[in-house]
2 protein chains.
Amino acid sequence: MREGPDIARIASLVGDPARANMLSALMGGTALTASELALEAGVSLPTASSHLSKLMEGGLLTLASQGRHRYYGLAGPQVAGMIEAITGVAEAVGPKRVRPGPRDAAMRVARVCYDHLAGEQAVAMLDRLVDRKVLLRDDKEIRLGHSAAAHFSALGIDVEAKARRPVCRACLDWSVRRSHLAGTLGAAILDKILAEKWARREKDSRAVVFSPGGRRQFERVFLG
Amino acid sequence: MREGPDIARIASLVGDPARANMLSALMGGTALTASELALEAGVSLPTASSHLSKLMEGGLLTLASQGRHRYYGLAGPQVAGMIEAITGVAEAVGPKRVRPGPRDAAMRVARVCYDHLAGEQAVAMLDRLVDRKVLLRDDKEIRLGHSAAAHFSALGIDVEAKARRPVCRACLDWSVRRSHLAGTLGAAILDKILAEKWARREKDSRAVVFSPGGRRQFERVFLG
DNA sequence: GCGACACTTCGAGCACGGTCGAAACATTGC
DNA sequence: GCAATGTTTCGACCGTGCTCGAAGTGTCGC
């Protein structure tokens with residue numbers, strides 16, 4: 001029996017799929033709440049809470065309480081580096097990943113992430129909005145550009161409306177490894193897409209499926 | 001549910017104590033057999049074999065068959081880097097390690113590692129033998145010095161005796177993070193220590209306990 | 001060939017840990 | 001104060017996977 005640091009303890013914390021998903025979600029750098037992490041991991045709130053307390057006890061997370069919101073984040077760059085290293089090995093040894101089925105393909109294109117859109121479409125949208133300087137991205141932070149108010153009010157979205165949550169936030173999209181738009185603006189855009197019936201949510205899934213016409217509308221407005 | 005590489009799968013492979021011990025043992029760089037790894041991990045041979053096939057399937061190990069010996073080694077530097085990263089986090093977050101009890105203290109001083117001596121005494125012995133140029137250490141490899149034959153034959157150990165296993169081998173000692181002496185010479189020295197009754201093996205443990213007189217003899221011969 | 005050795009596979013037992021619903025707790029807003 | 005919201009704790013269920021003894025497979029030495 002070897003001695004030394006208890007590496008099995010740490011590795012087994014990462015070794016549960018739900019916890020691994022949570023940690024991957026937190027690799028984006030932004031702290032998330034228990035509810036958001038439960039959604040990301042695909043488990044119920046009590047289960048997520050249990051996992052989070054284990055990760056806390058293991059020293060892998062930090063907790064910032066703000067009123068009734070509790071934001072969980074990675075404990076530090078060392079932990080992030082470890083996740084990176086594990087991800088690298090998983091990528092290297094696991095190109096034998098199961099071929100994505102039709103449902104997974106839909107998820108890859110567009111899906112709900114908490115209350116906003118994720119997937120290839122969402123990543124393309126954010127890229128285009130930044131290109132057009134509607135939004136400004138410095139590093140990890142996203143801010144409104146000068147034309148943002150006019151641009152979004154034309155769509156019936158009031159970006160000036162004060163909200164407790166940040167208006168814009170970057171959210172790392174694992175399927176394409178790029179950020180997409182979160183925050184109240186991201187939520188408002190998803191609302192718009194669903195309200196206009198450009199797309200509908202797949203039942204019992206996070207996939208978002210665009211209708212042919214809806215896709216054209218979406219691309220005209222956001223990717224044009 | 002996030003997509004991307006299956007990091008939980010890899011992490012859970014490392015997350016079992018037996019497998020973690022095996023991987024730590026292999027961090028020394030030398031490939032080991034299933035029996036040696038079973039001893040290191042403190043599990044039976046069937047259990048070890050099962051773990052090894054899982055690690056193989058997960059792509060974390062390579063296997064070199066040589067006759068009826070099968071040497072397992074880490075699959076590559078990327079895997080080693082991952083173990084390093086996990087070890088680093090475990091060290092950082094886990095200084096709350098349980099205080100070693102009396103039995104653990106004995107293990108730390110001297111214990112059996114397969115068929116040779118490990119622990120602080122063994123590390124000190126190798127250091128001294130290298131200082132006196134009885135053994136020569138380049139990097140990870142250990143060779144016999146010119147005075148080795150004379151030195152050991154005085155102790156009744158024939159280093160010229162041909163053996164299938166290498167005469168000298170470095171074996172990483174986790175409790176002190178330094179190498180100690182393995183191979184047939186390491187085995188012969190342990191035999192000598194036990195035959196001369198300088199020390200005895202603790203029952204149901206790998207600890208080796210020196211008698212006061214035996215310790216003096218050992219230190220005179222190997223640390224003098 | 002045969003025995004000895006190194007290792008793997010099989011089968012069954014068992015415990016740990018993940019899971020969720022319901023309920024308790026905490027904080028905010030009215 | 002009370003209702004609404006976000007989160008944790010409790011209790012019970014259930015499955016995965018770790019474990020070992022015994023038997024089977026393959027390789028070496030004589």
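Convention: sequence-line order gives letters A, B, ...; per-chain numbering from 1. Quick note: numbers below take in every heavy atom, side chains included, and nothing from hydrogens, waters or symmetry partners.
For A:Leu61 and D:dT7, the CG to C1' distance is 16 Å, given to the nearest whole Å. Rounded to a whole Å, the CG atom of B:Leu63 is 13 Å from the C1' atom of C:dA6. For the pair A:Leu45 CG and C:dA22 C1', the interatomic distance rounds to 14 Å; values are reported in whole Å. Rounded to an integer number of Å, the gap from A:Glu36 CD to D:dT5 P is 17 Å. Rounding to whole angstrom units, OH of residue A:Tyr71 and P of D:dT8 are separated by 13 Å. Across the protein-nucleic acid pair, B:Asp16 atom CG and D:dT16 atom C1' stand 13 Å apart, rounded to whole Å. Between A:Leu13 atom CG and C:dG17 atom P the separation is 11 Å, expressed in whole Å. The distance between atom CG of B:Leu55 and atom P of D:dC18, rounded to the nearest whole Å, is 10 Å.
B:Leu117 places none of its side-chain heavy atoms less than 4.5 Å from the side chain of B:Ile189.
Between B:Tyr72 and C:dT8 there is a side-chain N or O to OP1 or OP2 distance below 4.0 Å. Proximity of A:Lys54 to the phosphate of C:dG18: a side-chain N or O atom is located under 4.0 Å from OP1 or OP2. An OP1 or OP2 oxygen of C:dT27 is reached within less than 4.0 angstrom by no side-chain nitrogen or oxygen of A:Arg70. Between D:dT19 and B:His51, a contact under 4.0 Å exists linking OP1 or OP2 to a side-chain N or O.
Atoms CD and CD1, on B:Gln121 and B:Ile193 in that order, are 8.5 Å from each other to the nearest 0.5 Å. Distance check, rounded to the nearest 0.5 Å: CD1 of A:Ile83 to CD1 of B:Ile86 gives 9.0 Å. From A:Leu190, atom CG reaches atom CG of A:Leu185 across 11.5 Å, with rounding to the nearest 0.5 Å.
Considering only the side chain of A:Pro46, C:dC20 comes nearest among D:dC20, D:dT7, C:dC20. Proximity note for B:Thr47 (side chain, C-beta onward) versus C:dC7, D:dT9, D:dT19: the nearest is D:dT19. Side chain of B:Ser50, nearest nucleotide from D:dT19, D:dA22, C:dC7: D:dT19. Among D:dT19, C:dT9, C:dC20, the nucleotide with an atom closest to any side-chain atom of A:Ser44 is C:dC20.
Each of A:Phe218, A:Trp198, A:Phe222 was compared with A:Phe210 under the ring pair (Phe, Tyr, Trp, His ring centres under 6.0 Å) criterion, and only A:Phe218 meets it.
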